[in-house]
A.B. asks: 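Below is one structure. I have some questions about it.
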Amino acid sequence: MSTDLQSRTAAPKAARPAPWKPWRSNIGLKIAMAVSGVLMVLFIIAHMAGNLHVFEGREEMNAYAAGLRSFGAPLLPHESLLWVMRIGLVASIAVHIGALIALSRRAHHARPVRYAHRHKAKGESPNAYGIMRFGGIVIFLFVIWHLLDLTWRTVNPVKDAHDAYGAVMATFDPDRWPVTVFYLLALTALGLHLRHGIWSAVQTIAGPNTKWRKRTQAIALAVAVLIVAGFAIVPLAVTFGVVS
Amino acid sequence: MSTDFYREGAPVADAKAPEGPISERWEQRRFSGRLVNPANRRKLRVIVVGTGLAGASAAATLGELGYRVANYCFQDSARRAHSIAAQGGINAAKNYRNDGDSVHRLFYDTVKGGDFRSRESNVHRLAEISTEIIDQCVAQGVPFAREYGGLLDNRSFGGAQVSRTFYARGQTGQQLLLGAYQALQRQVAAGTVDLHTRHEMLELVIVEGKARGIIVRDLVTGEISTELADAVVLATGGYGNVFFLSTNAKGCNVTASWRAHRKGAYFANPCYTQIHPTCIPQSGDHQSKLTLMSESLRNDGRVWVPKARGDDRHPADIPESERDYYLERRYPAFGNLVPRDIASRAAKVVCDEGHGVGPGGLGVYLDFADAIKRLGKKAVEAKYGNLFDMYDRITGENPYERPMRIYPAVHYTMGGLWVDYDLSSNIPGLFVTGEANFSDHGANRLGASALMQGLSDGYFVLPNTISDYLADGPFEALSEDHEAVVAARKEVDDRIAFFLGNDGDRTVDSFHRELGKIMWEYCGMERSDEGLRKAIGLIRDLKDEFYKRVKVTGKAEELNQQLEKAGRVADFFELGELMCIDALHRTESCGGHFRAESQTEEGEAKRDDEHFSYVAAWEFGVDEPVLHKEALEFEYVHPTQRSYK
Amino acid sequence: MKLSLRIWRQPDADTKGQMVPYEIEGVSEDASFLEMLDVLNEHLIAEGKDPVAFDHDCREGICGACSLVIDGQPHGPQAATTTCQLHMRRYKDGDSIDIEPWRAGAFPVIKDLVVDRSAFDRIIQAGGYISAPTGTAPEAHSVPIPKQDADAAFNAAACIGCGACVAACPNGSGMLFMGAKVSHLSLMPQGQPERRTRVLGMVAEHDASGFGGCTNQGECAAACPKEIGLDVIGKLNRDFRKAAVRAA
């Protein structure tokens, strides 16, 4: 008689498919999405704050832009900070979109058939599904335009890389009002995206209780409004001639 | 055929309860029973039918012990067995309240509550084990109600004078069942239990006098298959659905028990059913089930009916002087808190006299106006808010403004397959646990003791007693070509072929409803010689018509819910007849059953210990059933007449 | 009252289904939704047609068997109510009602409105229990549990396993179901020893069974007949993160 027969119960057989990596689970991917999202939110807040230099005039604004390039000099090489940011942002976007694609494919398999009767969505973030997917696409397209416009200046009349102020003035010139409209639309998508995305990230990473979840939702709304307002004030001010 | 529809056979020889002082009998039986070597357990296969408290706990525990278990349920998940619907709580003689409770007192209360129609040895064992059940369930993570100090809360339930009932809000059955279900799923993962959901047992296989397997139908594909084993455990619940309308789940049925009965297992005390007084009355012919409202409502509600017959005024318009608070009038000492059986019958009496309220005059008022005046609406809401909301949802009436209407409904069946002290039926190898057996509640079940019995049987009794039988195994291997298996399969196939081939024009439900009405009318709360004889005739006629006119659509090889129902209703017909015969022969009033011919001068139930202090164990007979009596002896609790005046 | 119904009919798992219209008259407002379907089935059988198959059992809102999506909402329009407890007085004469099965990749349709929810059982098998073999239990009072923890555990344990959360979720996710069980057990001291292996095992099985991820939309909690909230998903996320970090 072998001794294993003496044991009271057999050990539960391994339920998970081997090799199973927790980080590839739905929750693992959501955490990756949440962390990358939070990093981007931090960047966006910094970016928004930096934009406000526009109200100080051309010299201050361009000095700020130059300061970003020479940050840490002479200890660190030229544009160190920017490169760290660029690499971090590209990585975050890659992780965010990579996780999105994986989760979307899984969600598609998990809900292959739609209801014949579509009912208005309910819940604490009832339209999150659409807002996050389609809003995300709008934001992505905007970012490409934004890079072409204000970073690489491909579509911007001001080609002097050191004249950030001039580029901003040019892009939101009243004659180019569709650019401003597109900018504001993208901001709306961003705001909605953040309102859900921020609390959703906290829910995924920290898992607050009901009281803190409600607080998180309120904070997320406040942060989203603040960011949208902070960004929107620049094009509005330029377009309406408050700054010129 | 005799005029009483049955004949009497030899008395039951031995219920196997050990001798000696009652508190040592279970200890003694555990020692005298033979054990199975752990290494041999995996060679022994046990079938458990049912995944309620009694089934899931037995399957999980047998799996833990190392037996190979095959577990079946007709629901889509083991978690949905009807134990889940038990609301109130579970008794245990923990004496945490220091209010004088003890194993002996729980034993005493349960024997007395059962109106002296249960076995002392079994009930004592139940009371002893009750404390272990609570320990076990807490260890599994059952979230019982707790006090601020973190210790378990208790309440008094069903008129008990001590607080010994453990509870988890109004969902105690759910939480206990989920505990057992999780223990079961753990064994499924461990590979010791093969769980088959959406499978229904349709026949028992008996080989050389021993229960050796079952025939099951896969309810999704319709495939008929055979499961062979060394022993079979039936934990298939009660048969209250013979009344069509009951608080049971729609799927609850007697088929597994009845098939075993037809193969020779005795059916004990089939007429013992429990009628619960506080259910929401029937609202119309579409009604498919009755919903229980917690008994606790009677703590603050006052029961009344209009004094004038057929008074259909709004209850608020009926002045005090024209109301009959009949429970307070007839039972001044207990008033609205009389036990379930008394409250139920009193409601029936006033409704039969034409004082009932609501559709069909089948209802009495349960009025909270006084309680709201005395305690305030807030306090009443805090206590009963959930129940009031549920009532509002079902009836569309607001109980804060208009008294509730309640009426008794069938709730539990004390009768069931006969088992000895070891929970073995008279067929060797066939064990029966939980509500499916008859053993512990006598003629009336006390509140909060059904959960106790189901878990006691499954966790602690059966796993200890079945080894004595299995010690002789493994029994000779059987093949599916064995003539007994082939014959059992053929019976199943023939029955299915009959239903699908019958050129009928009436639905199964229409027959079931009609059978239920007969049972409720003549074999419900009040029975009489004349009524029962009439009922037997009606049932037989209806059964003939059923076989001629029943219509079942669809095929055998698919999910066919009509076919499932047809088989169950066919068995209910035969059971219903036996219930009436049992009720007819028992010419005493006892437990919830009022026999018109056996009453005191004041019209109260009169038990007849001289002639009926026995268990009626019925053997199936093609022409007429055979009655085997098992005498009940009371050494510790001496029978007295109950009085609530 | 008179109603126009459209009901999903599908003979078996492999055959394509469709919405089929039915007219029904004389429905009592006191009938429950399932009793209305009983009446319809009685008519269908009388006409020699195949009655509509649907899961149901206790009809008092606790077994979790009933599972209909009514006008696009699991368990219908009434909050905190299972289909079996929904009554026809919610509707008025002449209404049209669409009835569909739970829709989820992990819950394949068996027939008509009946789906296979065994994936939920598999998730429990993967760790949704406390290992306490019969007979091993210590005295019940040996471990006091703060009342608020016991109450919170009860709230999570009230889940009836009906699957409405999955049916409501645009991602077909079973996170609310799984979160309820993880929360129940990890709020109890008895559940601590297996806390990490439990959550890892259950999440693996959840994903392997084909449930999707969570977008924190909250449709699940809005559909839950037992009003289980999103906090259980938060707790599940937190437990999972901690366990995954420890396992890495």
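Here is the naming used below: chain letters follow the sequence lines, and residue numbers restart at 1 for every chain. If you're wondering where the values come from, they're calculated on a predicted model, not measured in any experiment.
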A.B. asks: Top residue by heavy-atom pair count (under 4.5 Å) with chain B, among C:P189, C:G64, C:S142?
C.D. replies: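 Looking at each option in turn, the highest pair count goes to C:G64.
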A.B. asks: Less than 4.5 Å to any heavy atom of chain B: does that hold for the side chain of C:D57, its backbone, both, or neither?
C.D. replies: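 When you check distances to chain B, atoms from both the backbone and side chain of C:D57 fall under 4.5 Å.
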A.B. asks: Can you tell which part of B:E132 gets under 4.5 Å to a heavy atom of chain C, answering side chain, backbone, both or neither?
C.D. replies: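 For B:E132, there is no contact with chain C at all, as no heavy atom is under 4.5 Å.
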A.B. asks: Where does the angle between the aromatic ring planes of C:H206 and C:F211 fall among parallel (under 30°), tilted (30 to 60°) and perpendicular (over 60°)?
C.D. replies: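 Parallel, since the angle between the ring planes stays under 30°.
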A.B. asks: Would you mind checking which part of B:F166 comes under 4.5 Å of any heavy atom in chain C, side chain (CB onward), backbone (N, CA, C, O), both or neither?
C.D. replies: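 Contact with chain C: none, neither part.
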A.B. asks: Is B:V508 in contact with chain C via its backbone, its side chain, both, or neither, using a 4.5 Å heavy-atom distance?
C.D. replies: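 Contact with chain C is absent: no heavy atom of B:V508 under 4.5 Å.
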A.B. asks: Measure C:A152 against the heavy atoms of chain B and call it side chain, backbone, both or neither at under 4.5 Å.
C.D. replies: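 Neither part.
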A.B. asks: Determine the option with the most heavy-atom pairs under 4.5 angstrom with chain C, choosing from B:Q136, B:Q561, B:Q75, B:H82.
C.D. replies: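 So the answer, after comparing B:Q136, B:Q561, B:Q75, B:H82, is B:Q136.
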A.B. asks: Could you tell me which of C:E60, C:R89, C:Q85, C:M188 has the largest number of non-hydrogen atom pairs under 4.5 Å with chain B?
C.D. replies: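 Of the options given, most contacts go to C:R89.
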A.B. asks: Pick from C:A156, C:A153, C:A65, C:C84: which one has the most heavy-atom pairs with chain B under 4.5 Å?
C.D. replies: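 The candidate making the most pairs under 4.5 Å is C:A65.
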A.B. asks: Is there a side-chain contact between C:L176 and C:C224, using heavy atoms and a 4.5 Å cut-off?
C.D. replies: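 Contact flag for C:L176/C:C224 side chains = yes.
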A.B. asks: If you count every heavy atom of other residues, nucleotides or ligands that lies below 6.0 Å from C:D93 atom CG, does the total exceed 12?
C.D. replies: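 For C:D93, atom CG is crowded (more than 12 foreign heavy atoms under 6.0 Å).
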A.B. asks: At a heavy-atom separation under 4.5 Å, does C:D151 approach chain B through its side chain, its backbone, both, or neither?
C.D. replies: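 It is both, since atoms from each part get that close.
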A.B. asks: Under a 4.5 Å cutoff for heavy-atom pairs, which residue among C:H87, C:R59, C:H56, C:H141 has the most contacts with chain B?
C.D. replies: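 Option with the greatest count: C:H141.
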A.B. asks: Is it true that a side-chain atom of B:N560 and a backbone atom of B:K555 form a donor plus acceptor pair closer than 3.5 Å?
C.D. replies: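 Checking the backbone N and O of B:K555 against the side chain of B:N560, a donor-acceptor pair under 3.5 Å is found.
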A.B. asks: Side chain, backbone, both or neither: which part of B:Q87 has a heavy atom under 4.5 Å from chain C?
C.D. replies: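 The answer is the side chain of B:Q87.
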A.B. asks: Could you tell me whether the side chain of C:Y91 reaches within less than 4.5 Å of the side chain of C:I70, counting heavy atoms only?
C.D. replies: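 With C-beta onward as the side chain, the pair touches.
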A.B. asks: Picking from B:Q174, B:Q171, B:Q140, which has the most non-hydrogen pairs under 4.5 angstrom with chain C?
C.D. replies: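 Most pairs with chain C among the choices: B:Q174.
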A.B. asks: Less than 4.0 angstrom from a charged side-chain N to a carboxylate O is my criterion; do C:E42 and B:K565 meet it?
C.D. replies: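 Salt bridge between C:E42 and B:K565, a charged N being under 4.0 Å from a carboxylate O: no.
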A.B. asks: Determine, step by step, whether B:D509 and B:T507 satisfy the side chain to side chain donor-acceptor pair (under 3.5 Å) criterion, reporting the C-alpha distance in whole Å, the side-chain angles of both residues, the deciding distance to 0.1 Å, and the verdict.
C.D. replies: CA-CA 5 Å; B:D509 270 357; B:T507 61; over 6 Å; no
A.B. asks: Considering heavy atoms only, which positions within residues 279-286 of chain B lie below 4.5 Å of chain C?
C.D. replies: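 Residues B:S283, B:H286 are the ones that qualify, each having a heavy atom under 4.5 Å from chain C.
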A.B. asks: Return yes if some donor-acceptor pair links the side-chain N/O of B:Q287 with the main-chain N/O of B:L245 below 3.5 Å, else return no.
C.D. replies: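 A pair under 3.5 Å: no.
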A.B. asks: What residue, out of B:R506, B:M390, B:E558, B:R169, has the most heavy-atom pairs lying under 4.5 Å from chain C?
C.D. replies: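 Among the listed options, the one with the most contacts to chain C is B:R169.
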A.B. asks: For B:R198, which atoms come within 4.5 Å of any heavy atom of chain C: side chain, backbone, both, or neither?
C.D. replies: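 When you check distances to chain C, only side chain atoms of B:R198 fall under 4.5 Å.
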A.B. asks: Could you walk me through whether C:R122 and C:Q125 pass side chain to side chain donor-acceptor pair (under 3.5 Å), step by step?
C.D. replies: CA-CA 5 Å; C:R122 291 197 298 276; C:Q125 284 159 21; over 6 Å; no
A.B. asks: Of all of C:D121, C:L185, C:I124, C:D112, which one pairs up most often with chain B through heavy atoms under 4.5 Å apart?
C.D. replies: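 That would be C:D121.
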A.B. asks: With distance as the sole test, does B:Y181 use its side chain to make a donor-acceptor pair with the main-chain N or O of B:R80 at under 3.5 Å?
C.D. replies: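 No; judged by distance alone, with no hydrogens or angles, the pair does not exist.
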A.B. asks: Side chain, backbone, both or neither: which part of C:E29 has a non-hydrogen atom closer than 4.5 Å to chain B?
C.D. replies: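 Neither part.
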A.B. asks: Provide the full list of salt bridge (Lys or Arg N to Asp or Glu O under 4.0 Å) pairs with a residue in residues 124-141 of chain C, sequence neighbours left out, each pair given once.
C.D. replies: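 Those involving residues 124-141 of chain C are B:K94-C:E139.
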A.B. asks: Report yes or no: does C:E35 contribute a side-chain atom to a donor-acceptor pair with the main-chain N or O of B:S288 at less than 3.5 Å?
C.D. replies: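 A pair under 3.5 Å: yes.
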A.B. asks: Taking B:D505 first and then B:K551, would you say they form a salt bridge - that is, a charged N and a carboxylate O separated by under 4.0 Å?
C.D. replies: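 Answer for the salt bridge query: no.
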A.B. asks: Using heavy-atom distances under 4.5 Å, tell me whether B:L151 contacts chain C through its side chain, its backbone, both, or neither.
C.D. replies: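 Looking at B:L151, backbone and side chain both touch chain C.
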A.B. asks: A side-chain contact here means heavy atoms from C-beta on lying under 4.5 Å apart; do B:Q175 and B:F144 qualify?
C.D. replies: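 Result no, sub-4.5 Å side-chain heavy-atom pair not found.
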A.B. asks: Quick one: what part of C:V114 sits under 4.5 Å from any heavy atom of chain B, side chain, backbone, both or neither?
C.D. replies: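 Side chain only.
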A.B. asks: According to ring-ring contact (aromatic ring centres under 6.0 Å, His included), who are the partners of B:F74, at least two apart in sequence or on a separate chain?
C.D. replies: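 With neighbours one apart ignored, the set is empty.
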A.B. asks: Under 4.5 Å, counting heavy-atom pairs only, tell me which of C:N41, C:D38, C:T81, C:V39 racks up the most with chain B.
C.D. replies: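 The candidate making the most pairs under 4.5 Å is C:T81.
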A.B. asks: State, to 0.1 Å, how close B:T395 and C:D30 come at their nearest heavy-atom pair, and which atoms those are.
C.D. replies: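 Closest pair (atom of B:T395, atom of C:D30, distance): O-OD1, 4.2 Å.
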A.B. asks: Using heavy-atom distances under 4.5 Å, tell me whether C:L34 contacts chain B through its side chain, its backbone, both, or neither.
C.D. replies: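 Contact with chain B is absent: no heavy atom of C:L34 under 4.5 Å.
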A.B. asks: Does the side chain of B:S77 pick up a donor-acceptor pair with the side chain of C:R117 at under 3.5 Å?
C.D. replies: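 Short answer, no.
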A.B. asks: For chain C, find which of B:Q562, B:R79, B:R146 contributes the most heavy-atom pairs closer than 4.5 angstrom.
C.D. replies: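 Greatest number of close heavy-atom pairs with chain C: B:R146.
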A.B. asks: Would you mind checking which part of C:A158 comes under 4.5 Å of any heavy atom in chain B, side chain (CB onward), backbone (N, CA, C, O), both or neither?
C.D. replies: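 For C:A158, heavy atoms of backbone and side chain both lie under 4.5 Å from chain B.
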A.B. asks: Answer with side chain, backbone, both or neither: which region of C:I145 has an atom nearer than 4.5 Å to a non-hydrogen atom of chain B?
C.D. replies: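 Both parts, heavy atoms under 4.5 Å.
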A.B. asks: For residues 44-52 of chain C, run the donor-acceptor check on the side chains, cut-off 3.5 Å, and write out each pair with its distance to 0.1 Å, sequence neighbours left out.
C.D. replies:
unit_1	atom_1	unit_2	atom_2	d
C:E47	OE1	C:K49	NZ	3.0
C:D50	OD2	C:K111	NZ	3.3

